[in-house]
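Counting starts at 1 for both ligands and their atoms, following the listed order.
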Amino acid sequence: MSADIIIVGAGIVGLSSAHELVGKGARVTVLDRGKPGMEASWAGGGILFPLLPWDYLDEVTSLAFLSMALYPEWTEALQHSSGVDPEYMKCGMTVLPGIRSMEKASSWCASHGVRFLEEPGGKFVLPDVAQVRNPRLIRALSRALENLGVTILQDCEAVSFERKNGNIVGVRTAQGDVHSGQDYVVCAGAWSGMLLGPDGPDIYPVKGQMLLFEAGGLLDTILFKDGIYLVPRKDGHILAGSTLEHAGFDKTVTSAHWLHEKAAEILPALGHLSPVKQWAGLRPGSPDNIPTICRHPAIGNLYINSGHFRYGVTMAPASAKLLSSLIFGETSLLDIDPYNCKK
Ligand SMILES: Cc1cc2nc3c(=O)[nH]c(=O)nc-3n(C[C@H](O)[C@H](O)[C@H](O)COP(=O)(O)OP(=O)(O)OC[C@H]3O[C@@H](n4cnc5c(N)ncnc54)[C@H](O)[C@@H]3O)c2cc1C
């Protein structure tokens, strides 16, 4: 197998990186320990917006907002080339009473050009917040990549990197050694820290539990209150999430009852329904939610695009553009320094 660039990890970040790089003419192979997009990228809510942006540093919001601006055209192009609709939808979000400082929220939105409405009773409405349906976005991306000639190797765990003279010369995998003519990129989500070892960035698993309800017509906008959100899907399902837990790599569902109660406090009708599905995913946690998008500090041909924590779906297309500008030595759409490898 020959490729210019090998990407380890076929989550939303690895797949969107592949899509951007192949668009620039690179020959790309992506390898994954399991099936593409079945970890955090499958488990997430698909909300394309930081919760809540005024509580984050500029490094988080500038990358998220650049990505949010790319989403409509990107998902349309993916749908066109794959035949799969990622269900990008501007459904808006209502933040229910409980915001610590309404004044901070409204002045942040006003100064960042984000439309908002303050409704009686303390509701804060953000009409332009959008969402995608994660499994559909992954399917659209995977098919689009296959159509572009990208190889996605499944069940192919990267065990270690083979190094020579300060560069990587191959990846040892469960299916034998895989070599690239040029560069390697780690997009292994919550496992990136483990794979890169002590020289790598601080990336660790943060568990999030979710519930799914069949609740046709009950809701047409995202509701958010005290850290819990409800996301209505196009087909009437409602997602309720999520927890934020430091529990290592354990994905056991333990908080379904608690989450159900919280969901019913927001939308009482959910109290009469039983969830049709429940699961947990592992976010690639990072300090202050700032992802690492950089060349490895000690290895010339190794790049990292990981650690997007709570907003990897939101940030994926813009992060892919930043990575590609690094690899191809082009001017980046954003100052890339804040995304350097931090310890
Ligand atoms: C419950 C929950 C809710 C969320 N809600 C949202 C939301 O509403 N909006 C939003 O923007 N984000 C949300 N997120 C965050 C978002 O899902 C993640 O930030 C994003 O999916 C990270 O993508 P990734 O590709 O880096 O990681 P992943 O999707 O985890 O992909 C990493 C891939 O690397 C593979 N891998 C790991 N190690 C190896 C190895 N050694 N060799 C080969 N392959 C390997 C894995 O198998 C996996 O497929 C949520 C996450 C969770 C868990």
Side-chain angles (χ1 to χ4, degrees), residues 6-18 30-51 60 63-64 67-68 71 93 129-135 137-138 141-142 152-161 171-175 178 184-197 203 205-212 222 224 228-231 239-245 249 251 253 255 259 278-286 289 291-293 304-320:
I6 288 175
I7 296 178
V8 179
I12 182 73
V13 174
L15 295 176
S16 51
S17 299
V30 189
L31 52 96
D32 199 284
R33 217 180 40 178
K35 309 254 172 294
M38 290 310 290
E39 292 290 351
S41 301
W42 180 90
I47 303 169
L48 302 177
F49 197 73
L51 304 166
V60 174
L63 185 61
S67 234
M68 285 151 55
Y71 248 98
M93 178 167 86
V129 172
Q131 60 158 300
V132 280
R133 187 115 181 211
N134 307 38
L137 176 60
I138 292 292
L141 254 174
S142 303
I152 303 177
L153 297 174
Q154 304 186 8
D155 305 316
C156 185
E157 178 171 13
V159 181
S160 63
F161 292 105
V171 193
R172 296 205 174 93
T173 81
Q175 295 181 20
V178 185
Y184 297 80
V185 186
V186 171
C187 300
W191 297 266
S192 296
M194 211 164 66
L195 184 63
L196 288 161
I203 297 174
V206 181
K207 176 171 161 181
Q209 304 191 33
M210 296 284 252
L211 301 181
L212 184 72
I222 297 166
F224 180 88
I228 301 297
Y229 50 77
L230 303 180
V231 186
L239 269 176
S242 181
T243 59
L244 276 168
E245 302 163 68
F249 291 93
K251 289 196 290 183
V253 177
S255 301
L259 201 51
Q278 54 196 39
W279 63 86
L282 300 175
R283 307 173 183 90
S286 53
N289 209 125
T292 300
I293 308 166
I304 303 162
N305 186 10
S306 194
H308 297 74
F309 200 175
R310 301 194 73 182
Y311 306 116
V313 178
T314 307
M315 292 169 163
S319 301

To which of Lys35, Arg283, Gln131 does the heavy atom nearest atom 52 (C) of ligand 1 belong?
Arg283
Which residue supplies the protein heavy atom nearest to atom 15 (C) of ligand 1, what is that atom called, and how far is it?
Phe309 O, 3.2 Å
Rounded at 0.5 Å granularity, tell me how far CG in Asn289 sits from CZ in Arg283.
9.5 Å
Would Gly208 count as a polar contact of ligand 1, with the cut-off being nitrogen or oxygen pairs under 3.5 Å?
no
Decide whether the shortest distance between a heavy atom of Tyr229 and an atom of ligand 1 is less than 4.0 Å.
yes
Have a look at ligand 1 and work out which part of Ala190, if any, has a heavy atom under 4.0 Å from it: side chain, backbone, both or neither.
neither
Pair Leu48-Val313, side chain to side chain contact (heavy atoms under 4.5 Å, CB included): steps then yes or no
CA-CA 7 Å; Leu48 302 177; Val313 178; 3.9 Å; yes
Evaluating non-hydrogen atoms only, which member of Val132, Asn305, Ile47, Ile138 is closest to atom 9 (N) of ligand 1?
Ile47
Region of Ser306 engaging ligand 1 - heavy atom pairs below 4.0 Å
neither
May I ask you to check whether Leu195 has an N/O atom sitting below 3.5 Å from an N/O atom of ligand 1?
no
Polar contact flag for Val13 and ligand 1 (N/O pairs, less than 3.5 Å)
yes
heavy-atom search around atom 17 (O) of ligand 1 in the protein gives Ala40 O, 3.1 Å
Quick check: does Gly44 get an N/O under 3.5 Å from an N/O on ligand 1?
no
Distance-only N or O hit between ligand 1 and Arg33, under 3.5 Å
yes
Whether the Ser286 and His308 side chains hold a donor-acceptor pair (N or O, under 3.5 Å, no angle test) is what I'd like checked.
no
Quick one about Thr173 and Gln175 (side-chain donor to acceptor, distance below 3.5 Å, no hydrogens or angles considered), yes or no?
no
Tell me: protein heavy atom nearest atom 42 (N) of ligand 1, and distance?
Ala158 N, 2.8 Å
Which of the ligand 1 atoms, numbered from 1, are nearer than 4.0 Å to a heavy atom of Ser242:
1 (C)
Numbering as shown, the atoms of ligand 1 that approach Glu39 to under 4.0 Å (heavy-atom distance)
30 (O), 46 (C), 47 (O), 48 (C), 49 (O)
May I have the list of side-chain donor-acceptor pairs in residues 34-47 shorter than 3.5 Å, sequence neighbours left out?
from: Lys35; atom 1: NZ; to: Asp155; atom 2: OD2; distance (Å): 3.4
from: Glu39; atom 1: OE1; to: Lys251; atom 2: NZ; distance (Å): 2.9
from: Glu39; atom 1: OE2; to: Arg33; atom 2: NH2; distance (Å): 3.4
from: Ser41; atom 1: OG; to: Ile12; atom 2: N; distance (Å): 2.8

Atom 39 (C) of ligand 1: which of Gly281, Ser319, Ala188 has the nearest heavy atom?
Ala188
Which heavy atom of Gln209 sits nearest to which heavy atom of Ser242, and what is that distance?
O-OG, 2.9 Å
Check this for me - ligand 1, Leu282, N or O atoms closer than 3.5 angstrom, yes or no?
no
For Cys156 and ligand 1, answer yes if some heavy atom of the residue is under 4.0 Å from a ligand atom, otherwise no.
yes
Would you list the pairs meeting side-chain hydrogen bond (donor to acceptor under 3.5 Å, both in side chains) in which at least one residue belongs to residues 185-195, sequence neighbours left out?
Ser192-Ser306
Would you check, one step at a time, whether the test side chain to side chain contact (heavy atoms under 4.5 Å, CB included) holds for Gln154 with Asp32?
CA-CA 5 Å; Gln154 304 186 8; Asp32 199 284; 6.0 Å; no
Just jot down the ligand 1 atoms closer than 4.0 angstrom to any heavy atom of Cys187, in number order.
32 (C), 34 (O)
Checking heavy-atom distances from atom 5 (N) of ligand 1 to each of Gly14, Ala316, Gly45, the winner is Gly45
Measure the distances from the heavy atoms of Gly241 to every atom of ligand 1 and state whether one is below 4.0 angstrom.
no
For atom 47 (O) of ligand 1, which candidate among Asp32, Val171, Ile7 holds the nearest heavy atom?
Asp32
Can you sort out which atoms of ligand 1 are near Val8, meaning under 4.0 Å from one of its heavy atoms?
42 (N), 43 (C)
Parallel under 30°, tilted from 30 to 60°, perpendicular over 60°: which one fits the rings of Tyr184 and Phe161?
perpendicular
For ligand 1, is any non-hydrogen atom under 4.0 Å from Met210's backbone (N, CA, C, O), its side chain (CB onward), both, or neither?
side chain
Nearest-neighbour protein heavy atom for atom 14 (N) of ligand 1, which is reported as residue plus atom name and distance:
Arg310 O, 3.4 Å
Using a 4.0 Å heavy-atom cut-off, which part of Lys207 comes near ligand 1: side chain, backbone, both, or neither?
neither
Approximate separation, where rounding is to 0.5 Å, of Ile304 CD1 and Thr292 OG1
6.5 Å
What protein heavy atom sits nearest atom 16 (C) of ligand 1, and how far off is it?
Gly312 N, 3.8 Å
Close approach of Gly46 to ligand 1, heavy atoms, under 4.0 angstrom:
yes
Pro291 and Leu63: which non-hydrogen atoms are nearest, and at how many Å?
CG-CD2, 3.6 Å
Quick check for you: to the nearest 0.5 Å, what is the distance between Lys207 atom NZ and Leu282 atom CG?
8.0 Å
Drop me the distance from Phe224's CZ to Phe49's CZ, to the nearest 0.5 angstrom.
10.5 Å
Could you establish whether Met38 and ligand 1 come within less than 4.0 Å of each other, counting only heavy atoms on the residue side?
no
